Every structure is written in C-alpha cells, then in structure tokens.
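Just so it is clear: chains get the letters A, B, ... in the order the sequence lines come, proteins before strands, and each one is counted from 1. All of these numbers come straight from a predicted model, not from anything done at the bench.
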There are 2 protein chains.
Amino acid sequence: MVKVPVPGKSVRGSKSGSPIMAMFDLLGRRWAMGVLWTLSEQGPLTFRALQDACETISPAVLNSRIKELRTAGFVELGDNGYLVTALGAEVYEALLPLSRVSTAWAEAIAQLESAETKTTD
Amino acid sequence: MVKVPVPGKSVRGSKSGSPIMAMFDLLGRRWAMGVLWTLSEQGPLTFRALQDACETISPAVLNSRIKELRTAGFVELGDNGYLVTALGAEVYEALLPLSRVSTAWAEAIAQLESAETKTTD
DNA sequence: TAGCACGCTATTGAATTCGTAGCACACTAT
DNA sequence: ATAGTGTGCTACGAATTCAATAGCGTGCTA
C-alpha cells in the first residue's frame, strides 16, 4: 500500500486537497523531482540505470518514488524501462523555469562569495 | 547550524552541485514549496500567521524551512513579518506553471474516477 | 504587575530516508 | 542442468527528519 497525495483528497497544506498543494506534497519528497527530471532527460531507464543516474539514491527510496509517480500517472514502465507519461512530461516542462531560476540563484551565490573574499566591495 | 543545499556544493543528486539539483534538494523538503507559495500569495506574514496559513505545520519545521529559505535568499524578515525577496519571487513565478499542470492533473484524476464508476466508457 | 502576542526552542515519539544485502525471476551460455 | 548475468524489488537496522505539544524570553499594554 502506497500513500500518495491526490488532488481533491486531504493533503499536507490543504484539507480540501487543492491541486497545487497535492502537487507540492507529492513532489516535495526526497528525490521526487530529481527522479522525474532524470527520467525526462535521459529517456527510458531501467531501475538500476535510474539508480545510477541519481548517483546516491537507495533502491528503497527509488522504489517508493517510482510507485508514487506511477500512481500519480507521471511515470510508467515500458519495454525499455521507466519513462515519463504525457502528463509527466508536462510536469517536467513546468519544472524548466525552475531550472532557469536555479542558475540565476547559483550566480547570485557565486557573487556573494567572491564579494566576501574581498571584504565587501 | 542549518544545513542548506547550495549550488556548487555537493547536494543530493549531484556531487558537483548542479543548480537544479541543489534547488530540488532545497525545495524537496516537507513544506518548503508550500511555505514559499503561501508567503508569495499572502504577502508579509508573521511567524504565527504563516503557521496558521499552512494549516498543519509545526513551529519546529516552519522554523527550519524559514531558516533554509532565508539562507538561500528566497525569504527575508521585514517589519511586517516574513516576505519573499526578489529572488524568492522568481522562484514563485517559476512555480506557477506547476500550478497549471496540477489543475490538469486534478481533472485527469476526476475523469478517471468518474470512468471507474461507469465501468470504463 | 499581569496579561498578551511575538519569534522561536526543547523535547519526545513517530515517520521517513539511508545504506547494504539479498531475493525471485528471466535469459544466456555452457 | 547449471552457472552467470541483469532485471525489478524487498528486508533490515541505523540515521535523519518530521510532528505535536509545551514553554521560553522579549516587548508591549494596561
């Protein structure tokens, strides 16, 4: 039995189960976004290939996340391994802006650190 | 001492600390996205107001998330309570597409359930 | 001095995650 | 048939994280 957040049911952050809060509950778990991201970028991957791609994920957690993402309808198991569904691809697309911001974030931090080195310019 | 993922350092999913993986590590924690979302939508909120807005978050976790989000530079404490920074606002904007997808997701699930009721149309 | 609201911490127990080992199954080559 | 390999996946104990509640220290008001 897997406990997966579903929009419409009570989830963390919303007793009414507003879709965005259900999404946050589902994706706000360790590795959830990373697995979806990796699977979207590196095409169909077997369980072990996916595990390798995630570098440090344990099979237990990977299995949990896969079950959750499959229940949510974001991921499915094909002949060549796991792959994202059409809906999962949409989620991936929705994550792209976050990637852009993360780059800006990294640059902001890099500047902060170089500023520290020269005692605040 | 707070352990916050930072792009460039080793984070979950990437030893090299790729920005997106650092972002996933930071936002992929319980309530992280929910707090940022709530704060972005409901303007400056005091600690307790924010806690109420999140319905079921405990002060310990809220405090942790706030510290992490402040360290990341997404949130700051102003005169009228906590509010998102410019960078935090960008993250919120980047989360908007996810909100749209979550609605589509909710509709897909609603259809699945009504389909179940009438034994697959 | 007694309330009260603020941000926040301490504590204890539950839930989640981690890391490792290994199972059951299928396919292949010997 | 038997050994080897790769598959998805599970079990287990330890470590980490989270939850729920109580309460601290401060500043304000009366």
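- Nearest to the side-chain atoms of A:Arg65 among the listed nucleotides C:dG7, C:dT17, D:dT7 stands C:dT17.
- Checked against salt bridge (Lys or Arg N to Asp or Glu O under 4.0 Å), B:Arg29 has the following partners two or more places apart in sequence or in another chain: B:Asp25, B:Glu68.
- Here the side chains of B:Trp37 and B:Ser99 are in contact, with some heavy-atom distance below 4.5 Å.
- Heavy-atom nearest nucleotides on DNA chain D were determined for A:Arg30 and for A:Phe47, and the one closer to the 5' end corresponds to A:Phe47.
- Atom pair B:Leu62:CG and C:dC6:P shows a separation of 13 Å (rounding to whole Å applied).
- Taking all atoms of both residues into account, the shortest heavy-atom contact from A:Ile20 to B:Ser102 is N-OG, 3.4 Å.
- OP1 and OP2 of C:dT17 both lie 4.0 Å or more from every side-chain N or O belonging to A:Ser58.
- Across the protein-nucleic acid pair, A:Gln51 atom CD and C:dT20 atom C1' stand 11 Å apart, rounded to whole Å.
- The phosphate of C:dG7 (OP1 or OP2) has a side-chain N or O of B:Thr46 nearer than 4.0 angstrom.
- The CH2 atom of B:Trp31 sits 12 Å away from the C1' atom of D:dC18 (whole-angstrom rounding).
- Here C:dT16 presents its P atom at 16 Å from CD1 of A:Ile57, a figure rounded to the nearest Å.
- Listed nucleotides: D:dC18, C:dT17, D:dC9. Nearest to the side chain of B:Arg29: D:dC18.
- In terms of polar N and O atoms assigned as donor or acceptor, the side chain of A:Arg48 comes within less than 3.5 Å of the base of D:dG8 in a complementary pairing.
- Taking only side-chain nitrogens and oxygens, A:Asn63 comes nearer than 4.0 Å to OP1 or OP2 of D:dT10.
- Here the P atom of nucleotide C:dA26 and the CG atom of A:Asp79 are 16 Å apart, to the nearest Å.
- As rounded to whole Å, 16 Å separates atom C1' of D:dC18 from atom CD1 of B:Ile66.
- With hydrogens and angles ignored, the 3.5 Å screen pairs a side-chain donor or acceptor of A:Trp105 with a backbone N or O of B:Ala72.
- Contact check, A:Lys67 against D:dG8: no side-chain N or O comes under 4.0 Å of OP1 or OP2.
- Nucleotide D:dA20 holds its C1' atom 15 Å from the CG atom of B:Asp52, rounded to whole Å.
- Listed for the A:Thr85 side chain is a donor-acceptor partner under 3.5 Å among the backbone atoms of A:Gly73.
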